[in-house]
Asker: 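Please read through the structure below; I'll follow up with questions.
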Amino acid sequence: MATTLTPVLSAYWDHAESWTLDTYEANGGYAALRTALSMEPEAIVAAVKDSGLRGRGGAGFPTGLKWSFLPKPDGQPRYLVVNADESEPGTCKDVPLMMATPHFLIEGIVITCLAIRAERAFVYVRGEVVHVFRRLLQAVEEARAKGYVGDDVLGSGRGVDIVVHSGAGAYICGEETALLDSLEGRRGQPRLKPPFPAVAGLYARPTVVNNVESIASVPSIIENGADWFAGLGTERSKGYGLFSLSGHVRRPGQYEAPLGITLRELLDMAGGVRTGHRLKFWTPGGSSTPLFTDAHLDTPLDFESTAAAGSMLGTRALQIFDDTTCVVRAVLRWTEFYAHESCGKCTPCREGTYWLVQVLRRLENGQGSEEDLDKLLDICDNILGRSFCALGDGATSPITSSIQYFRDEYIRHLTEGGCPFDPVASTLFAGAAAR
Ligand SMILES: Cc1cc2nc3c(=O)[nH]c(=O)nc-3n(C[C@H](O)[C@H](O)[C@H](O)COP(=O)(O)O)c2cc1C
Ligand code: SF4
């Protein structure tokens, strides 16, 4: 049983003032940058390719390969954009990472800019997390004062500047091309691809867009070597990652572990589900990944195994729900989120998510009919694969998977004239759990 955690990014979150430059340097921080400055850019890209690092923002695209798509330098600007929008229900790894150890991200940004020959990076932070925005601004200034960021990084003659940008709070601005439109000052809506950002991204210039955790993982690869990273995880899902356990679990939080660990192992370390209750369903990677049940406790949490079992690794946001939870109510809440966050650009998602909410509401209230289940599946079928971006696809995941595993529970709402669950029993408010 793999009870071993692999704390790298979270190694000293419990140190006093873990977020300061002093603490970071005391723990070996910025040594990787010095190593990277002695390397050719191509060698940095090769190391990240060899490590097998795959994007930690959800889709798992190989990071080094993405960097290698940039065209040859033409003397004009090229950019790194860090996606720190983190807005999906359940997903909560980048915010704690940036709060606890922002210099991992900053060191990763500078190394990545050296690798892709960019002189300016942007960090697009979710609008609501003002505390993260302030922490990053402070950390960039600390790094600038020490020469890690600026016109002449550590006297190397190479310049890297970092702009921290706050969004206005929209889930769609986490989609990489909507993010770029938003960063340019426009309303955030996905762009038609191609051209891909690598060719024409921010200000129509070659751009790499990567997740916070992807970029923050780069210093450890340069410092410890590609082989070290590739030696963790599974054959095709290499390395470590933050697994965020939330909901009905006794010790919720971030568990940094090799990819391929199982929920059973993570739950062992997290003290299990609430006392007196059993696991009912869970998301392996946030609300846009199809639900799993207790039958999937031993599914290795890597890209391939989660896909083979009918879901996705996503952002490793493990939302745990015990037997007090009404699955219809949970799915309704997620669907309300998707309907609210749909940007409106394409018809299947704009109209479909609205109707999904209407049908789910009447089912939850016991006012629907059995045909409504077919209607839900039909609407999902018209959204999935027919929407302009992955938000529409994601909106269908909780619905189709919950009907697959919990059809009987939907029917109970009809036969019992309403929701058979007491919503208070599933809350985590003091006293409620004891009921
Ligand atoms: C609706 C939607 C929201 C997204 N939100 C995020 C986000 O908050 N953070 C993130 O890194 N990627 C998000 N993504 C994925 C990005 O489009 C992109 O794939 C990712 O930033 C690439 O980084 P990576 O290769 O390092 O994973 C989102 C995608 C969609 C469709
Ligand atoms: S799928 Fe939804 S969020 Fe994406 S472009 Fe269409 S309307 Fe906008």
Side-chain angles (χ1 to χ4, degrees), residues 48 53-67 69 80-95 97-98 105 108-109 112 122-129 132 167 169-183 187-193 196-198 201 207-218 239 241-242 285-289 303 312-317 334-335 337-354 356 380 382-397:
V48 173
L53 174 66
R54 292 171 65 175
R56 300 305 196 221
F61 193 82
T63 305
L65 185 63
K66 184 186 277 190
W67 297 359
F69 288 156
L80 168 66
V81 173
V82 177
N83 191 341
D85 194 52
E86 189 163 80
S87 310
E88 175 144 333
T91 303
C92 55
K93 63 189 181 65
D94 297 338
V95 160
L97 171 56
M98 290 184 286
L105 176 60
I109 288 173
T112 306
F122 294 82
V123 186
Y124 187 98
V125 185
R126 172 183 177 170
E128 291 93 333
V129 288
V132 176
Y171 175 50
I172 191 56
C173 289
E175 194 284 331
E176 58 182 14
T177 58
L179 185 157
L180 295 176
D181 262 22
S182 171
L183 200 50
R187 175 178 173 178
Q189 284 191 318
R191 295 177 180 175
L192 188 64
K193 291 189 267 190
F196 289 93
T207 304
V208 164
V209 183
N210 270 133
N211 171 257
V212 168
E213 194 187 353
S214 311
I215 295 297
S217 302
V218 170
L242 291 165
S287 60
S288 62
T289 59
F303 292 107
M312 289 180 279
L313 186 60
T315 51
R316 284 155 280 117
W334 280 319
T335 310
F337 168 84
Y338 286 107
H340 183 264
E341 295 297 325
S342 167
C343 82
K345 180 163 180 154
C346 69
T347 311
C349 168
R350 183 189 61 240
E351 303 299 318
T353 51
Y354 169 84
L356 288 173
C380 286
N382 278 297
I383 297 175
L384 185 68
R386 293 181 166 86
S387 298
F388 194 76
C389 84
L391 187 148
D393 297 341
T396 68
S397 293

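In listed order, ligands and their atoms are each counted from 1. These numbers come from the heavy atoms of this one structure, side chains and all, not from hydrogens, waters or symmetry mates.
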Asker: Would you say S288 and E88 are linked by a side-chain donor-acceptor pair, where the criterion is simply a distance under 3.5 Å?
Answerer: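 Looking only at side-chain atoms, S288 and E88 do form a donor-acceptor pair, the distance falling under 3.5 Å.
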Asker: Which protein heavy atom lies closest to atom 23 (O) of ligand 1, and at what distance to 0.1 Å?
Answerer: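 Checked against all protein heavy atoms, atom 23 (O) of ligand 1 sits closest to N211 N, 3.2 Å.
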Asker: May I ask you to list the atoms of ligand 1 that are less than 4.0 angstrom from any heavy atom of G55?
Answerer: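 The list of qualifying atoms is 24 (P), 25 (O), 26 (O), 27 (O).
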Asker: Do L356 and I383 come close enough that some side-chain heavy atom pair is under 4.5 Å?
Answerer: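 The answer is yes; the side chains approach within 4.5 Å.
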Asker: Taking C-beta and beyond as the side chain, do W67 and N210 meet within less than 4.5 Å on heavy atoms?
Answerer: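 Yes, their side chains come closer than 4.5 Å.
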Asker: List every atom of ligand 1 that sits less than 4.0 Å from any heavy atom of E86, numbering the atoms from 1 in the order shown and giving each element.
Answerer: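 The atoms of ligand 1 under 4.0 Å from a heavy atom of E86 are 7 (C), 8 (O).
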Asker: At distances under 2.8 Å, what protein N, O or S atoms surround atom 8 (Fe) of ligand 2?
Answerer: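 Protein N, O or S atoms closer than 2.8 Å to atom 8 (Fe) of ligand 2: C343 SG.
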Asker: Taking only heavy atoms of V209, which atoms of ligand 1 are found under 4.0 Å from at least one of them?
Answerer: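 Near V209, the atoms of ligand 1 are 22 (C), 23 (O).
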Asker: Please check: side-chain N/O of E175 versus main-chain N/O of L391, any donor-acceptor pairing under 3.5 Å?
Answerer: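 No, because the side chain of E175 does not come within donor-acceptor range (under 3.5 Å) of the backbone of L391.
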Asker: Is it the side chain, the backbone, both or neither of R126 that has a heavy atom closer than 4.0 Å to ligand 1?
Answerer: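 Near ligand 1, R126 shows nothing, with every heavy atom at 4.0 Å or more.
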Asker: Is there a side-chain contact between M98 and E86 in this structure, where contact means two heavy atoms from C-beta onward sitting under 4.5 Å apart?
Answerer: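 Heavy-atom side-chain distance check fails, nothing below 4.5 Å.
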Asker: Which atoms of ligand 1 are found less than 4.0 Å from any heavy atom of R56?
Answerer: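 By the 4.0 Å cutoff, the relevant atoms are 26 (O), 27 (O).
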Asker: Judging by distance only, is a nitrogen or oxygen of E176 under 3.5 angstrom from one on ligand 1?
Answerer: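 Between E176 and ligand 1, an N or O pair is found under 3.5 Å apart.
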Asker: Which protein non-hydrogen atom lies closest to atom 29 (C) of ligand 1, naming both residue and atom, and how far is it?
Answerer: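 Protein heavy atom with the smallest distance to atom 29 (C) of ligand 1: E175 CA, 3.7 Å.
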Asker: Identify the heavy atoms of A198 and F69 that sit nearest to each other, and give their distance.
Answerer: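 Minimum heavy-atom contact is CB-CB, 3.9 Å.
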Asker: Hey, which atoms in ligand 1 end up nearer than 4.0 Å to a heavy atom of K66?
Answerer: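 Reading through ligand 1 atom by atom, the close ones are 22 (C), 23 (O), 24 (P), 25 (O).
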Asker: Can you check which of L65, L53, N83, V81 brings a heavy atom nearest to atom 7 (C) of ligand 1?
Answerer: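 Nearest heavy atom to atom 7 (C) of ligand 1 lies in N83.
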Asker: Do you see a donor-acceptor pair shorter than 3.5 Å between the side chains of Y354 and S342?
Answerer: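 No, S342 and Y354 have no side-chain donor paired with an acceptor closer than 3.5 Å.
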Asker: Are any side-chain N or O atoms of E213 and backbone N or O atoms of G241, one a donor and one an acceptor, separated by less than 3.5 Å?
Answerer: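 No.
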Asker: Say whether C389, considering both its backbone and side-chain N or O atoms, lies within less than 3.5 Å of an N or O atom on ligand 1.
Answerer: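 The answer is no, given that C389 and ligand 1 share no N or O pair closer than 3.5 Å.
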Asker: Out of G174, G394, S214, P197, who gets a non-hydrogen atom closest to atom 26 (O) of ligand 1?
Answerer: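 Comparing heavy atoms across G174, G394, S214, P197, the nearest one to atom 26 (O) of ligand 1 lies in S214.
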Asker: So which atom in P348 and which in N382 form the shortest heavy-atom distance, rounded to 0.1 Å?
Answerer: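 Heavy-atom minimum between the residues: CB-O, 3.6 Å.
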Asker: Counting N and O atoms only, with roles assigned by atom type, does the side chain of S214 sit under 3.5 Å from a partner on the main chain of R56, one being a donor and the other an acceptor?
Answerer: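 Such a contact is found between S214 side chain and R56 backbone.
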Asker: List the closest protein heavy-atom neighbour of atom 27 (O) of ligand 1: residue, atom name, distance to the nearest 0.1 Å.
Answerer: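 It is G57 N, 2.7 Å.
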Asker: Just so I know, are the side chains of W334 and P89 near enough to count as touching, which here means a heavy-atom distance under 4.5 Å?
Answerer: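 Touching, per the 4.5 Å side-chain cut-off.
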Asker: Can a donor-acceptor pair be found, under 3.5 Å and without considering hydrogens, that links the side chain of T177 to the backbone of R191?
Answerer: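 Yes: the side chain of T177 pairs with the backbone of R191.
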